[in-house]
Every structure is written in structure tokens, then in C-alpha cells.
Asks: 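The structure's right below; bear with me while I get my questions together.
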Amino acid sequence: MATFEHYRQQFAENVRDLAGAPNRSILPQLVARESLTGSVAYLDFEKPDTAKGASDLKAKATRDAFESGLDAKGDSFTNGTLSSFNSIFTPHDQTIKERTLIQPQLIEYGHNFDEDVDILNIVDPANSTVRNMMRNVYKDEDNLIINAIKAATVSRVTSSSTNETSPTNIAFPTSQKIGAGGEDFGSSDSTFITLDDIGRIRELMETQYVDSKVYCLISPTTKRLMRANITALTDSDFVGATAFFTGGGLPDVDGITFISHPSILATEFYAFTADSIVFNTFKPLTTSLNEIAVQRNSIQAYIREKVDAKRVDDLGVVFGEIQAIS
């Protein structure tokens, strides 16, 4: 029994090593992380309200103006009213607070090894079955984040909600959607991302005072067409290290890091910032290795975790559309 417990520990350690391997899921490392627990949870997000602008010092309400009935310009200052009295206090300005609903999603994979399989082979870090199970975990984690980025609606509690626990579906703003070739979303005229599209992503981000790192998810097809059609990608004055280009990758272009991902369609792309998406771990990755007596003492390997991802800031995300290749 002690020996089998050792194999269990070895199996768990191997899975953890695989989870930290270079071929692990990429996207959870590029977004905000939380570890809220429960059957449901709320992700709190806060952003500035509309700026009210600077005011002339002569228009500032003062104690003297309240008592004398005249402001600094000599204009009438209504004396004795509550609103006039309140105006001489330091203002209390609110920020926009939103709470996004998130619920745990179960990722699990199991496999029963026949009784004739050597236990040492099962706990071997190079075991292809366990490695492929972990690769599926990586895919599921990435797809949760991609679905969070591209969600048409998100359940949130906002200032217009009736209470703190009843969310409403908030649609992704059309102002954050662009089409290829600089056209409106839905009327694209290019089969790849153009330099103008890259500029429009930056424009939308900068308009919202976004100063975080910007990533853009594209399909392998889009990556190929960008490399084939945008000659500026080899211009060191325009992009980061051109070694990425010569090596088959894509460099940072105008401050945007492009990520080729097989789960992205060739007709779409998604730009996002790290703090606009939250990946929450409800229950961390766990493993078990057991002998199943009723199945001829076969060895059952099982890995699972409870996670989910949600978009918390719509203005930190840009949807893009590309014309399908005919």
C-alpha cells in the first residue's frame, strides 16, 4: 500500500510538471487571475466615471460666499438653502463599479489503464496518455478564456441593477467592433489584418486611456496572410525584433502582440488587455490514481479542476472581422 501511495504522489508530481511545461495553455498567463470560491462568485471591477472638467476658481463656492450671499464675482449666491450649504463642502465623486457573475466550469479527464499495464509506465512523465490528457486541459483552459473575450453578452450588476445580486445581461458595445480594411463590423473587404486595422485597434484602446499591454488573437491562416502581405513587418522602424518574422512568428506591431491560436477562426480576431479578462480558479488542478477492484484491478488516472473566465471590461477588448477566403 505504501508503494502505491508513492506512485500516486509521483503521478501527481508528473501532472504538475506537465502543467508548467512550455506547451502549457498560454492564455491564462496573459490575463488577470483570481481564486474566488463558491458555486457562484462576483468579479468586482472599477473604472473612472466621466470627467467633469476643471472649473474657474472664482466660481468655487466658499464659506464667505454662503454667509454673505455673494460669490467671488459679486454674483448672487442663494443664502440659507441646503444646496448652497452643501456646495461649500469637498465634493464626493463616484467611480463606476461593476460586478461580473462567474460560475465554476469543470474540466476533467480520466483513463483506465488495463491491469496488465506496468504501473511504472503509467507514472512515467513521458506517458503519452497522461500527456495528451493534459494537452486537452490546456485547450479547455484556453477556450474558456477565448469564449470570455468573444462573449456577446456578460451578466453584470451595474449601477442600473435593482440590487447587488441580480445581474443583467450587458451586450458587447458595437463601438468596440471593427472590420478588416477599416470598414464597419460586418462589411470587411480584406482576408487578413491590415495596418489600418492595427491602427484602429490602437485608436480604440487609446481613446479609452488604455495603457496596458495589448494582445491580439488571430488564426494561423491570418498569421500566414499577414506575413505574406504586410511588407512593413520586416521594417525594424515599425515593428519589434524582426527575428520573429524570419523565424516564422510575428513581432510586436505598433505595440500589439499577436498570438496565433488554432481556436480562432480565419474570419475573426480579438484584441484584449490583461486586466480586461479574469481567469478564476475555483478549485485547483487535482489528481488521483486508484486501483479499481470491480474492473479487474485496472488503474484509474483522473485529473480535474474547476475554473472559469469572464470579460470584466468591455472597453479593453476589440472584436474584429475578416472577409472569408473565397
Side-chain angles (χ1 to χ4, degrees), residues 1-43 100-151 155 217 259-264 274 277-312:
M1 187 65 184
T3 301
F4 196 81
E5 184 61 31
H6 168 72
Y7 291 142
R8 278 182 178 152
Q9 293 176 3
Q10 190 173 350
F11 174 71
E13 291 171 1
N14 291 340
V15 170
R16 283 195 296 269
D17 288 342
L18 287 171
N23 62 344
R24 65 187 182 278
S25 55
I26 298 172
L27 299 185
Q29 317 306 317
L30 304 180
V31 299
R33 303 290 293 266
E34 287 286 356
S35 54
L36 304 176
T37 59
S39 55
V40 296
Y42 282 98
L43 301 169
T100 301
L101 178 67
I102 190 167
Q103 297 173 284
Q105 306 294 311
L106 176 63
I107 296 177
E108 61 174 349
Y109 288 94
H111 185 81
N112 279 20
F113 292 90
D114 189 84
E115 59 178 333
D116 297 323
V117 177
D118 188 349
I119 185 67
L120 293 177
N121 175 265
I122 298 173
V123 299
D124 186 342
N127 182 278
S128 58
T129 300
V130 178
R131 291 180 68 87
N132 284 317
M133 286 165 61
M134 282 305 301
R135 286 193 178 99
N136 283 335
V137 172
Y138 306 151
K139 293 176 185 176
D140 288 341
E141 289 178 345
D142 273 0
N143 286 332
L144 277 177
I145 293 176
I146 290 172
N147 290 335
I149 294 171
K150 64 191 291 187
S155 295
L217 288 169
I259 301 170
S260 174
H261 199 287
S263 293
I264 301 298
I277 309 297
V278 175
F279 183 78
N280 190 77
T281 300
F282 289 90
K283 293 285 186 181
L285 188 71
T286 59
T287 66
S288 67
L289 193 67
N290 295 288
E291 284 186 307
I292 309 300
V294 295
Q295 295 185 21
R296 298 185 177 87
N297 290 327
S298 62
I299 305 297
Q300 184 184 77
Y302 181 51
I303 54 180
R304 63 179 293 181
E305 64 178 348
K306 290 183 179 179
V307 294
D308 197 16
K310 287 293 183 226
R311 186 178 65 237
V312 295

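All residue numbers in this chain count up from 1 along the given sequence. Fair warning: this is a prediction, and the values are worked out from it, not measured in the lab.
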Asks: How close do A309 and A148 get, counting heavy atoms only, and between which atoms?
Replies: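 Looks like O-CB, 3.4 Å.
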
Asks: Just verifying a value: how many Å separate Q103 CD and K310 NZ, rounded to the nearest 0.5 Å?
Replies: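 Reported value, rounded in 0.5 Å steps: 7.0 Å.
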
Asks: If I take atom NZ from residue K306 and atom CD from residue E108, how far apart are they, to the nearest 0.5 angstrom?
Replies: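 Reported to 0.5 Å precision, the distance equals 9.5 Å.
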
Asks: To the nearest 0.5 angstrom, please state how far the CG atom of N297 sits from the CD atom of E291.
Replies: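 Taking CG in N297 and CD in E291, the distance rounds to 5.5 Å.
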
Asks: Mind checking whether T287 and I303 have side chains closer than 4.5 Å, heavy atoms only?
Replies: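 Result yes, sub-4.5 Å side-chain heavy-atom pair found.
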
Asks: With rounding to the nearest 0.5 angstrom, report the CD1 to CG distance, I146 to L217.
Replies: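 Interatomic distance, I146 CD1 to L217 CG, rounded to 0.5 Å: 5.5 Å.
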
Asks: Looking at D140 and Y109, what are the two nearest heavy atoms and their distance?
Replies: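 Taking D140 first and Y109 second, the nearest heavy atoms are OD2-OH, 2.6 Å.
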
Asks: Looking at I145, L144, V307, which one forms a side-chain contact (heavy atoms from CB on, under 4.5 Å) with P28?
Replies: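 By the side-chain contact (heavy atoms from CB on, under 4.5 Å) criterion, P28 pairs with just one of I145, L144, V307: I145.
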
Asks: In chain order, what residues pass the side chain to side chain contact (heavy atoms under 4.5 Å, CB included) check against A32, with sequence neighbours excluded?
Replies: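 For A32, the residues satisfying side chain to side chain contact (heavy atoms under 4.5 Å, CB included) (neighbours in sequence not counted) are V278.
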
Asks: Please report the shortest heavy-atom distance between F282 and G38, naming the atom on each side.
Replies: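 It is CD2-O, 3.4 Å.
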
Asks: For R33, is the CZ atom crowded, meaning more than 12 foreign heavy atoms sit under 6.0 Å from it?
Replies: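 Yes, because the 6.0 Å sphere around CZ of R33 holds more than 12 heavy atoms from other groups.
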
Asks: Search all heavy atoms of T129 against all heavy atoms of N127 and return the closest pair with its distance.
Replies: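 Minimum heavy-atom separation between T129 and N127: N-OD1, 3.0 Å.
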
Asks: Would you check if the side chain of D142 reaches a backbone N or O of L27 as a donor-acceptor pair within less than 3.5 Å?
Replies: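 Yes, because the side chain of D142 sits within donor-acceptor range (under 3.5 Å) of the backbone of L27.
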
Asks: What is the distance from atom OH of Y42 to atom CD1 of I102, rounded to the nearest 0.5 Å?
Replies: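 Going from the OH atom of Y42 to the CD1 atom of I102 covers 12.0 Å.
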
Asks: Can you find a pair of side-chain heavy atoms, one from I259 and one from I264, that are under 4.5 Å apart?
Replies: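 I259 vs I264: side chains apart.
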
Asks: So R304 and L106, do their side chains get closer than 4.5 Å, heavy atoms only?
Replies: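 Heavy-atom side-chain distance check passes, below 4.5 Å.
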
Asks: Nearest heavy-atom pair of V31 and I277: which atoms, and what distance?
Replies: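 Reported closest heavy-atom pair: CB-O, 3.5 Å.
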
Asks: Going by side-chain hydrogen bond (donor to acceptor under 3.5 Å, both in side chains), name the residues that satisfy it together with Q300, two or more places apart in sequence or in a different chain.
Replies: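 By the side-chain hydrogen bond (donor to acceptor under 3.5 Å, both in side chains) rule, Q300 matches N112.
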
Asks: Are side-chain heavy atoms of T281 and E305 found at a separation under 4.5 Å?
Replies: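 The answer is no, as the side chains (C-beta and beyond) never meet within the 4.5 Å cut-off.
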
Asks: With sequence neighbours left out, what residues match N136 under side-chain hydrogen bond (donor to acceptor under 3.5 Å, both in side chains)?
Replies: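 For N136, no residue satisfies side-chain hydrogen bond (donor to acceptor under 3.5 Å, both in side chains) once neighbours in sequence are set aside.
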
Asks: Report yes if the side chains of I299 and V117 come closer than 4.5 Å at any heavy-atom pair, otherwise no.
Replies: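 With C-beta onward as the side chain, the pair stays apart.
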
Asks: Could you pull out the closest heavy-atom pair between N143 and S263, with the gap in Å?
Replies: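 What the structure gives for the nearest pair is OD1-OG, 2.7 Å.
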
Asks: For the atom pair CD1 (I107) and NZ (K283), what is the distance rounded to the nearest 0.5 Å?
Replies: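 Going from CD1 on I107 over to NZ on K283, the span is 15.5 Å.
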
